[in-house]
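Down below is the structure, laid out as C-alpha cells.
The basis for the numbers below is simple: all heavy atoms, side chains too, and nothing from hydrogens, waters or symmetry mates.
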Amino acid sequence: MYWARKVVPAHLRPIVGKRELKLTLQTKCPREARKRFPQVLHQFEAMLKAAEHALHLGADDLQSFATEYYQARLKQLLDEARRNHWSLDDHEAMQYSLSLVPDKGRDEDEQHQSVVDWGLPRAKALMESAGLTQGNRFTIPQPFMEALAQTLYRMEHKALQAAEREQHYPHLPPPEDTPKAAPVRPLEARSFDALWDSYSKANVHLSPKTLEDWGRMWSHFGQWAGETHAPDQITPQTLLRYAEAVRNGAGLSGRSLSAKRVNEGYLAAISTVFRWASRPERGLLQTNPAEAVKLPVPRSEQGPRRRGYTREEAGTILKAARGETERAYVRRTPWLLAFTGARVSEILNARVADIGETQGIPFLWIRETEDTRLKNTWSNRCVPLHPALVDEGFLEYVASLPKDDFLFPGDWEDKHGDRTKTPANRLRDWLNKALPTMKGQGLAPNHSFRHWLIGELREAGVDGDIQRQLTGHKSGADVHSRYGPADIPRLHRAIIKVKTPV
C-alpha cells in the first residue's frame with residue numbers, strides 16, 4: 001500500500017506533535033498513487049502553514065480573535081433577547097451569573113484559573129473555526145490560550161452590556177472601548193522561514209544555485225535577527241548592524257568580508273526578498289527596510305572598473321584559440337563571445353538546434369528552454385553569425401555534431417543541474433594564461449568580450465537600439481520585444497561593420 005509522507009520542520013514539531021506527517025493513499029497501483037499524492041500533499045502543506053501560524057500567534061491575533069468573539073456573541077445575545085423579550089432583570093441575571101465565575105476560587109490564583117477554565121472551551125472553538133488546530137492535532141502554545149481565555153471572559157461581559165444597551169437604550173452612543181478588529185499580520189510577516197517559503201515558490205524562474213545561496217543568506221539573517229525581531233519589525237538600522245557584523249566575520253564563512261562582497265551578496269539577497277514582499281499587490285510587508293541600505297565601499301576595495309578588451313588583447317586571445325585542437329569549447333567559445341556579445345553561459349548552454357539560417361544568413365538563437373534559463377526577458381534574441389565565425393569553420397564544426405546535442409557536449413552538470421560553471425571556469429583559467437597581463441587590469445576573462453563587442457559596435461556607428469538587441473540588453477519599447485529570425489538581415493548589416501582583430 002502506498003503512503004504519502006512529509007517531514008515536519010524541526011521548529012514546528014512542538015506544535016504538530018510529531019516528526020512527520022503520513023497518510024495512506026489507499027491504493028497499491030503506482031499510477032493511481034501518483035494521482036492521489038498531490039491532493040494529500042496539499043493537505044499536509046495546509047496543516048504546516050496552520051502550524052506556522054499557531055507558532056507565531058501574538059497580540060494582534062489576540063485582539064482579532066477577541067473582536068470576532070465579541071461581535072458573534074453580541075449578535076447571538078441580541079437575537080435571543082429579542083426573540084424571548086428579555087427584560088432588564090433578565091440581562092442583569094446573565095451578567096450576575098457571569099460575575100460569579102471567579103468566585104469559585106478561594107484565592108487569586110484559583111480565581112484566575114476559574115476564568116481560564118471558563119474561557120478555554122470557547123478559545124478552542126475559535127481556534128478550530130480558524131483552522132489552526134486541524135481537529136485538535138496541533139498544540140497551541142498554552143500562554144496564548146490562557147491569555148485568550150481571559151480575554152474572552154472580558155468580551156463576554158462587554159457583549160452582555162452591549163446587548164442590554166442596544167435592546168433597551170438604543171438612543172445611547174456605543175462606549176468608546178467597544179472592541180474593534182485589529183489588522184491581522186500576514187503569516188509571512190511573522191516568520192523568516194514562512195516569508196522565504198513564499199518567495200521561493202513565487203520565483204521558480206531563478207536558478208537552483210541562486211535560490212540555494214540566497215536561501216542560506218536569508219536564513220542566516222533570520223537566525224541573527226529572529227530572536228528579537230520578525231520580518232515586519234526589521235528596520236534599516238537593524239540591517240546595517242547585521243551587515244557590519246557579517247563584514248567583521250559573523251557571516252556563514254566565519255571570515256571577514258569586504259563591504260563590496262557584503263553589499264553584492266548578503267544585502268542583495270535580503271533586499272530582493274524584502275522588495276518582493278513589500279510590493280502593494282502582495283501586502284505582506286508595509287515597507288522595504290532594505291531599500292537604501294548599503295555599506296560604504298572604501299576606495300581601497302573598489303578595484304579597477306571593468307572594461308572590454310582592446311583590439312590587440314582580443315586578437316591575442318583569438319589567435320591562441322586557433323591553436324587549441326583538443327577542447328572544442330576552448331577553440332570556439334572565445335570567437336563566439338567576441339562576435340555575438342553573448343554571456344558565456346548562453347554559449348555553453350546552446351544546442352545544435354539553436355543554429356539556424358534565414359535568407360542565406362546563419363544565426364545563433366539564444367532562447368530560454370525547460371532546461372536552461374536566461375538572465376532576463378531581453379536576453380532572448382537571434383544573433384547573426386559574423387563572417388569571421390564562418391571563416392573559422394564554425395558551421396562545419398556544427399554540422400559534425402548530433403542534431404539533438406549541445407554545441408559543446410560534456411558531462412559537466414553540478415548538483416544544481418548547471419552545466420556551464422565547470423567549462424566556464426576552465427575557460428577563464430585558459431584565458432588568464434593566454435593573456436598573462438590580464439590580472440589587475442579591470443578585465444573579466446569571459447565577460448570582457450561582451451564589452452569589447454559593444455565598444456566595436458559603437459565605434460562602427462551602429463544604432464544604440466540595435467546594439468542592445470544584439471547583446472540582449474533592455475531596449476526601447478519599439479524594438480525590445482523583437483528577437484526572432486525576421487530581424488536577422490537588419491542585424492547582419494550592423495554586425496558585419498565590426499572588423500576582426502585577427
Side-chain angles (χ1 to χ4, degrees), residues 1-57 61 65 121 123-142 144-145 184 186-216 218-219 222 273 276-277 282 284 349 351 368-373 404 411-419:
M1 193 69 71
Y2 284 94
W3 287 68
R5 301 171 64 192
K6 185 173 180 65
V7 173
V8 176
H11 70 289
L12 294 181
R13 289 171 190 169
I15 300 293
V16 179
K18 56 184 72 175
R19 296 178 63 86
E20 74 172 7
L21 303 174
K22 59 182 180 179
L23 186 68
T24 177
L25 296 175
Q26 298 182 336
T27 180
K28 295 183 179 180
C29 172
R31 181 178 299 175
E32 185 63 26
R34 281 193 291 270
K35 289 181 181 178
R36 298 180 185 182
F37 177 72
Q39 183 177 358
V40 176
L41 182 62
H42 179 73
Q43 294 174 9
F44 287 168
E45 289 176 344
M47 291 172 64
L48 293 179
K49 187 170 184 178
E52 188 81 50
H53 193 169
L55 182 65
H56 294 90
L57 291 169
D61 302 280
F65 284 128
K124 290 177 181 176
L126 270 177
M127 296 293 103
E128 186 76 31
S129 65
L132 293 181
T133 57
Q134 297 287 320
N136 292 324
R137 295 184 193 178
F138 297 155
T139 304
I140 305 297
Q142 190 63 21
F144 180 85
M145 291 299 290
V184 179
L187 170 62
E188 291 86 348
R190 313 172 201 186
S191 163
F192 284 92
D193 289 342
L195 185 54
W196 174 257
D197 187 54
S198 295
Y199 173 81
S200 59
K201 288 179 179 176
N203 291 273
V204 293
H205 63 281
L206 294 174
S207 71
K209 178 69 164 60
T210 298
L211 281 175
E212 180 181 332
D213 289 346
W214 286 6
R216 290 172 63 235
W218 176 263
S219 178
V273 180
W276 174 86
R282 296 188 183 92
L284 301 179
N349 266 327
R351 294 179 176 271
E368 195 164 275
T369 67
E370 292 182 0
D371 301 323
T372 61
R373 303 183 187 280
D404 59 348
D411 185 16
W412 292 319
E413 283 194 4
D414 61 16
K415 63 179 181 179
H416 303 288
D418 186 344
R419 68 175 311 275

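- With contacts defined as side-chain heavy-atom distances shorter than 4.5 Å, the pair V273/W196 qualifies.
- Between the side chain of R36 and the backbone N or O of Q26, at least one donor-acceptor pair lies under 3.5 Å.
- Between the side chain of R19 and the backbone N or O of V7, no donor-acceptor pair lies under 3.5 Å.
- For the atom pair CG (L25) and NZ (K35), the distance works out to 13.5 Å, reported to the nearest 0.5 Å.
- Across all non-hydrogen atoms, the minimal contact from A4 to F44 is O-CE1, 3.7 Å.
- Between the side chain of R5 and the main chain of E20, no donor-acceptor pair closer than 3.5 Å is present.
- In this structure, the side chains of L23 and Q43 come closer than 4.5 Å at one or more pairs of heavy atoms.
- Looking at heavy atoms from C-beta onward, W3 lies out of side-chain contact with V40 at the 4.5 angstrom threshold.
- The CG atom of L211 sits 11.0 Å away from atom NZ of K209, with the distance rounded to the nearest 0.5 Å.
- Closest heavy-atom contact between M1 and T27: SD-N, 3.0 Å.
- Each of R34, E32, K28 was evaluated against P30; a single residue qualifies, R34, per the side-chain contact (heavy atoms from CB on, under 4.5 Å) test.
- In this structure a side-chain-to-backbone donor-acceptor pair under 3.5 Å is missing from D418 to D414.
- In this pair, Y199 and W276 present their aromatic rings perpendicular. The plane angle is above 60°, beyond the 30 to 60° band.
- In plain terms, the two heavy atoms of L195 and A277 that are nearest each other are CD1-CB, 3.8 Å.
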